[in-house]
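Just so you know, these numbers come straight off a predicted model, no measurement behind them. A, B, ... follow the sequence lines: proteins, then strands. Residue 1 opens every chain.
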Protein chains: 2
Amino acid sequence: MTGSVTLHDVARRAGVSLATASRALNGSPNRVVREELRERVLRAAAELRYAPNAHAQAMARGRTNIVGLSLHDIADPYFSAVAAGVMREAEAHGLLVTMASTERRPGAETDYVGAFRRHWASVVIVVGSRTDDRAATDQLAEELAAFEAEGGRAVAVSQPRLPVDTISIDNHGGARDLGDALYDLGHRRFAVLAGPTDLLTATERVGGFREALALRGAQLAPEHIVSGPFTRDGGYEAMRRLLDRRPDVTCVFAVNDVMAVGAMAALRDAGVDLPAGMAVAGFDDIATLRDVSPGLTTVRIPLEEIGALAVRLALDDDVERPRLRRVGGEVVVRASTPAVAG
Amino acid sequence: MTGSVTLHDVARRAGVSLATASRALNGSPNRVVREELRERVLRAAAELRYAPNAHAQAMARGRTNIVGLSLHDIADPYFSAVAAGVMREAEAHGLLVTMASTERRPGAETDYVGAFRRHWASVVIVVGSRTDDRAATDQLAEELAAFEAEGGRAVAVSQPRLPVDTISIDNHGGARDLGDALYDLGHRRFAVLAGPTDLLTATERVGGFREALALRGAQLAPEHIVSGPFTRDGGYEAMRRLLDRRPDVTCVFAVNDVMAVGAMAALRDAGVDLPAGMAVAGFDDIATLRDVSPGLTTVRIPLEEIGALAVRLALDDDVERPRLRRVGGEVVVRASTPAVAG
DNA sequence: CCTCCTTGGGAAAGCGCTTACCGGGAACCG
DNA sequence: CGGTTCCCGGTAAGCGCTTTCCCAAGGAGG
């Protein structure tokens, strides 16, 4: 950028040296600037609309106020909720958030963490969950370790096996509780729209649900488990494939709300009456979807709070690290899963 | 950050000077580095896991690859869709997005643009629309002008009166078309949930809708226009207040989808049958809400495309500026607005 | 064999800031 | 009244990189 006003200009206009100008503007520790000079400097800065160069400050100070945030897709309400929490908390601490969307491209997290390293981010938050690609996870772990070795602080959300502070959503427990609740409503024959098989978030939810059913002796046949992307269309397609198998079930658990809504659309298109013809449950309790009709039974996850927690974890300097925080969910029963006769 | 590997380390390990190391890594223009040295440098860099310091590069080069994005609330699907477009396009150009959420706090945009200026962002995108606070707008205009004077490029979305490239959504025309479509379905007596009165996006939509009705001679009494925040709860509350007035209307236009969904919830809670008891229309065609039931009639706005366009506008160097791009919407009629007998 | 050009590496000057460190003057003490 | 402290402003050394400028070496041409 050309022509920007520098501290040099301010100092000259105020008739003081660079050092004094800097001290006047930053109020340097145990160092006083005479009130008169201070005011002269502040006035000059205001008159010139001086804006300190963040890069120069970063170089001189050796640190920044940047939070790097990597997530799968900001348009997905799950991630945008977490991002909102991160941004709210970051703002409260005077931090600026630099965000990168991996679009689920393998290895993208690692690239972005690298970018954040180059920018000397003081905090990096990685939100995601891929379980299959071991090599990619190892690379990410290595990059994060390098980042922390340089003095940065990293937090992973829903991404285990990383050598940093981790926030883990209790997908297993939430799905188990949901399974129990659905059983208690009288359902016995279930199907699951299982999401992507390589996403831990998805497989944990399937696992918890299966466990609940197994304990109660309810049915969940392998052919009643259909996988598919974590999207609306993924839910729609998975539901279609399930319907093709003419399953003898009364209740479908889609492992996230977005898929559940797609599934409901597929059911409607197939002429199934909702909720009477089929009970549908989701997971996450996405705010935007709280008013779908019939109201979607789901597991509420405090997504914004998780984002905020990630920032707080990164900022407090606890001695023993890495730490693991588990965040639980709460079953919310709505109209989409009516009680049925046992 | 301490302990990070610097170019100096790489140069020493490769047995060359800083200059050569830099040239080898960047492939400087009209300047050749002998292949053998080049390889030595690259190998050394890889072995040391060298990551160039972005701030040092910014200082030396006088520019950055940062896009600053300011919006109202990333958790709102309208803004997260635009943000997704910005990020996708930015990524394609090797840019990093730094994002700030104003939470609708007055003057926050100006603060954030200031922060982006300090970071020498090469592009700043402001998404928003506040019409009342003239002083705040002027300050923002001044800040953006200063930013562009320093060589940056700014783009405003839905925010007129700013001395920079602007993308304007045709709210008026979209709402007009929607009004026409609803009229053609047989509706004659309308109400509007008008959104915040200080948001241009909202008032333009009301204006366009009113114009369509006026032209056709349909009714839109002032007491049938209720304002409220652009949120789900805003829609719910506005609808409640409207119902208290026992309006004699067959169709409600909520000026965005999120409000429309809240309104539908309020109608259901009031025992109104949907869509038979009341037609409801929205605006935006939020992707996440495309499967609400009954399907919401709305005006589709290409939000992601608008985000991407903002980046492209900022990057191409057209001579004549500032430019104005108008983006239109398209009416999508779904089940929430059934035809009625004239 | 000498001069002129080309090739390509290195030294060093910044980019804009922070922060030791230095030093002059005033205040205070014996 | 000289010496010791403070107090507070200035000088300058970096932070890690890019890039201009200089210069040595080798090849071509006379």
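Between A:Leu25 and the options A:Leu42, A:Val33, A:Thr20, a side-chain contact (heavy atoms from CB on, under 4.5 Å) holds for only A:Leu42.
Atom NE2 in A:His55 sits about 12 Å away from atom P in C:dC17, given to the nearest Å. Atom CG of A:Asn53 is separated from atom P of D:dG16 by 16 Å (rounded to the nearest Å). Separating the CG atom of B:Asn65 from the P atom of D:dT18 is a distance of 13 Å, rounded to the nearest angstrom. We find that CE of B:Met59 is positioned 10 Å from C1' of D:dG16, with the value rounded to whole Å. One interatomic measurement links the two molecules: CZ of A:Arg40 to C1' of D:dG9, which rounds to 12 Å at whole-angstrom precision. Separating the CZ atom of A:Arg63 from the P atom of C:dT18 is a distance of 10 Å, rounded to the nearest angstrom. Following rounding to the nearest Å, B:Leu37 (CG) and C:dG10 (C1') show an atom-to-atom distance of 12 Å. For B:Asn26 and D:dG16, the CG to P distance is 17 Å, given to the nearest whole Å.
Considering only side-chain N and O atoms, A:Gln57 lies nowhere under 4.0 angstrom from the phosphate OP1 or OP2 of C:dG16. For C:dC17, neither phosphate oxygen OP1 nor OP2 lies less than 4.0 angstrom from any side-chain nitrogen or oxygen of A:Ser22.
With salt bridges taken as basic N to acidic carboxylate O contacts below 4.0 Å, none links B:Asp73 and A:Arg88.
Judged by distance alone, with hydrogens and angles left aside, the side-chain atoms of A:Thr166 form a donor-acceptor pair with the main-chain N or O of A:Val164 at under 3.5 Å. Judged by distance alone, with hydrogens and angles left aside, the side-chain atoms of B:Arg153 form a donor-acceptor pair with the main-chain N or O of B:Leu313 at under 3.5 Å. Without hydrogens or angle criteria, B:Asn65 side chain to B:Gly94 main chain gives a donor-acceptor distance under 3.5 Å. One N or O on the side chain of B:His55 and one on the backbone of A:His119 form a donor-acceptor pair closer than 3.5 Å.
Direction change of the helix axis from one end of the helix from C:dC1-D:dG30 to C:dG30-D:dC1 to the other is 60°, with five pairs defining each end axis (rounded to 10°).
In this model, a donor atom of one side chain and an acceptor atom of the other lie less than 3.5 Å apart for B:Thr98 and A:Thr98.
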Run the numbers on A:Glu36 and A:Arg40 for salt bridge (Lys or Arg N to Asp or Glu O under 4.0 Å), then give the verdict. CA-CA 6 Å; A:Glu36 175 209 344; A:Arg40 280 225 310 265; 3.2 Å; yes

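If you check residues 6-17 of chain A against DNA chain D, the residues with a heavy atom closer than 4.0 Å are A:Val16, A:Ser17, listed by number.
The B:Ala19 side chain lies nearest to C:dA11 when the options are C:dA11, C:dT18, C:dG16.
Heavy-atom distances to DNA chain D give each of A:Val32 and A:Leu18 a nearest nucleotide, and the one nearer the 5′ end belongs to A:Val32. Along DNA chain C, the nucleotide closest to B:Ala60 and the one closest to B:Arg34 are compared, and the more 5′ of them pairs with B:Arg34.
Atom OH of B:Tyr78 is separated from atom CD1 of B:Ile169 by 3.5 Å, given to the nearest 0.5 angstrom.
Contact annotation: side chain of B:Arg23 to base of C:dG10, donor-acceptor pair present below 3.5 Å.
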